[in-house]
J.: 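A single structure is presented below for examination.
Values below: all heavy atoms of this structure, side chains included; hydrogens, waters and symmetry mates excluded.
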Amino acid sequence: MAPARPKILIADDDRNVLRIIELALSDEHFQLIFAEDGPNALAIAEKERPDMVILDIRLPGVDGFEVLKTLRGKSSQGLYDEMVIILLSSASFEKTITQGFKEGADDFITKPFSPGNLKSRVKSWLIRKGITVS
């Protein structure tokens, strides 16, 4: 039996960014799931229990920081213990980055980003969590 494919939720309201990430990760054996706003990201995370969330800070409905806090709050209840959360933002201010880590992000990538760098970080985090990647 083949191992389960790592499941990655990508939440961003910019379809161009979603497409870039999809292309960057398309040659891997990942199951990619997409959300274009905060409420959908939370609903999908609850239903799908992804291994990783790539999360834009500026999401409509519920912003990325609130999504992050909600997911990490559920982690403390044992629901999302192994979930890796990578924040994406065009804001490169130290205060924004610090807030992301304070709220529980595992990593922070500033837009615009290199698709190769994103792919390397995704694979590295999955390997650290003991998830098999190709």
Side-chain angles (χ1 to χ4, degrees):
M1 177 195 253
R5 298 183 310 161
K7 195 180 297 187
I8 301 173
L9 169 59
I10 304 157
D12 199 303
D13 62 329
D14 184 333
R15 290 182 182 208
N16 291 325
V17 171
L18 292 175
R19 184 72 179 133
I20 290 167
I21 296 172
E22 181 179 27
L23 289 171
L25 301 177
S26 65
D27 62 338
E28 300 299 325
H29 297 286
F30 301 142
Q31 182 181 351
L32 303 178
I33 308 161
F34 301 94
E36 293 184 18
D37 61 41
N40 280 325
L42 287 169
I44 291 168
E46 179 78 24
K47 180 182 178 206
E48 297 291 336
R49 310 283 181 163
D51 301 297
M52 175 179 287
V53 177
I54 299 173
L55 180 63
D56 182 33
I57 290 175
R58 293 187 180 126
L59 290 174
V62 176
D63 74 25
F65 284 126
E66 287 302 314
V67 172
L68 172 62
K69 284 193 267 188
T70 300
L71 294 175
R72 286 302 183 221
K74 292 185 180 202
S75 288
S76 68
Q77 300 167 13
L79 296 176
Y80 302 123
D81 287 341
E82 298 301 317
M83 181 185 293
V84 174
I85 301 176
I86 299 175
L87 291 181
L88 286 177
S89 179
S90 56
S92 60
F93 303 111
E94 183 175 349
K95 180 179 177 181
T96 304
I97 296 168
T98 301
Q99 180 182 354
F101 286 119
K102 181 180 175 185
E103 299 293 348
D106 295 297
D107 204 347
F108 192 104
I109 299 175
T110 305
K111 295 179 188 178
F113 56 88
S114 156
N117 182 27
L118 173 78
K119 180 178 173 177
S120 294
R121 288 184 189 204
V122 165
K123 290 177 78 172
S124 177
W125 274 109
L126 291 172
I127 290 166
R128 277 189 203 170
K129 293 293 183 173
I131 298 170
T132 304
V133 297
S134 60

J.: Check for me, please, whether I8 and V84 land in the same ILVMFWY cluster - side-chain distances under 4.5 Å, paths through other members count.
T.: yes
J.: For I131 versus P6, what's the shortest heavy-atom pair and its separation?
T.: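 What the structure gives for the nearest pair is CG2-CG, 3.6 Å.
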J.: Exactly one of T70, L55, T96, L59 should register a side chain to side chain contact (heavy atoms under 4.5 Å, CB included) with F65. Which one does?
T.: T96
J.: Hydrophobic clustering (ILVMFWY, side-chain heavy atoms < 4.5 Å, transitive) - are F34 and L71 grouped together?
T.: no
J.: Going hydrophobic residue to hydrophobic residue with side-chain gaps under 4.5 angstrom, can you get from F108 over to V122?
T.: no
J.: Taking the basic N atoms (NZ, or NE/NH1/NH2) and the acidic carboxylate oxygens, is any pair closer than 4.0 Å for R72 and D106?
T.: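 Salt bridge flag = yes for D106 with R72.
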J.: Which atom names give the shortest non-hydrogen contact between P50 and M83, and what distance separates them?
T.: O-CE, 3.7 Å
J.: Considering only heavy atoms from C-beta outward, does the side chain of V133 approach that of F30 to under 4.5 Å?
T.: yes
J.: Counting N and O atoms only, with roles assigned by atom type, does the side chain of S124 sit under 3.5 Å from a partner on the main chain of S120, one being a donor and the other an acceptor?
T.: no
J.: Of all heavy-atom pairs between P60 and D13, which one has the smallest distance, and what is that distance?
T.: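 Result for this residue pair: CD-CB, 3.6 Å.
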J.: Are the side chains of D12 and R58 in contact, using a 4.5 Å heavy-atom criterion?
T.: no
J.: What's the separation between atom CG in L88 and atom CD1 in I86, rounded to the nearest 0.5 Å?
T.: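 L88 CG to I86 CD1: 8.0 Å, rounded to 0.5 Å.
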J.: How far apart are the closest heavy atoms of L68 and G100, and which atoms are they?
T.: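 So the two residues come closest at CD2-O, 3.6 Å.
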J.: Can you check whether L32 reaches E22 side chain to side chain, under 4.5 Å on heavy atoms?
T.: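 When only atoms from C-beta onward are counted, E22 and L32 do touch, with a gap below 4.5 Å.
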J.: Does any non-hydrogen side-chain atom of K7 lie less than 4.5 Å from one of I33?
T.: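 Yes, close enough: below the 4.5 Å cut-off.
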J.: Do I97 and V67 land in one hydrophobic cluster if side-chain heavy atoms of ILVMFWY residues count as linked below 4.5 Å?
T.: yes
J.: With sequence neighbours excluded, tell me which residues meet salt bridge (Lys or Arg N to Asp or Glu O under 4.0 Å) with D107.
T.: R121
J.: Could you grab the distance from atom NZ of K69 to atom NZ of K102, nearest 0.5 Å is fine?
T.: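 Interatomic distance, K69 NZ to K102 NZ, rounded to 0.5 Å: 9.0 Å.
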J.: E36: which residues meet the salt bridge (Lys or Arg N to Asp or Glu O under 4.0 Å) condition with it, sequence neighbours left out?
T.: R15
J.: Flag yes if F101 and V53 sit in one hydrophobic cluster, no otherwise; membership is Ile, Leu, Val, Met, Phe, Trp, Tyr, and two members link when side-chain heavy atoms are under 4.5 Å apart.
T.: yes
J.: Provide the closest heavy-atom pair for A35 versus I44 in the form atom of the first, atom of the second, distance.
T.: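 Taking A35 first and I44 second, the nearest heavy atoms are CB-CD1, 3.9 Å.
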J.: Are D37 and V62 packed together at the side-chain level, in the sense that at least one heavy-atom pair is separated by less than 4.5 angstrom?
T.: no
J.: To the nearest 0.5 Å, what is the distance between CD on E66 and CG on D63?
T.: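 One gets 5.5 Å once the value is rounded to the nearest 0.5 Å.
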J.: As an exercise, state the distance from OG of S26 to CD1 of I21, rounded to the nearest 0.5 Å.
T.: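 S26 OG to I21 CD1: 12.5 Å, rounded to 0.5 Å.
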J.: The test is side chain to side chain contact (heavy atoms under 4.5 Å, CB included); show your working for T110 and F93 and say whether it passes.
T.: CA-CA 10 Å; T110 305; F93 303 111; over 6 Å; no
J.: Do K123 and E28 have side chains that get closer than 4.5 Å, going by heavy atoms?
T.: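 In short, these two side chains touch, coming nearer than 4.5 Å.
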J.: Might you point out which heavy atoms bring K119 and L25 nearest each other, and give the distance in Å?
T.: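 That closest heavy-atom pairing would be CA-CD2, 3.9 Å.
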J.: Kindly compute the distance separating CD (Q31) from CG (L9), expressed to the nearest 0.5 Å.
T.: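 Reported value, rounded in 0.5 Å steps: 11.0 Å.
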J.: Charged N to carboxylate O under 4.0 angstrom, K111 versus D56?
T.: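 Here K111 pairs with D56 in a salt bridge, since their nearest N and O are under 4.0 Å apart.
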J.: Please report the interatomic distance NZ(K47) to CG(L42), rounded to the nearest 0.5 Å.
T.: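 Nearest 0.5 Å value for the NZ-CG distance: 15.0 Å.
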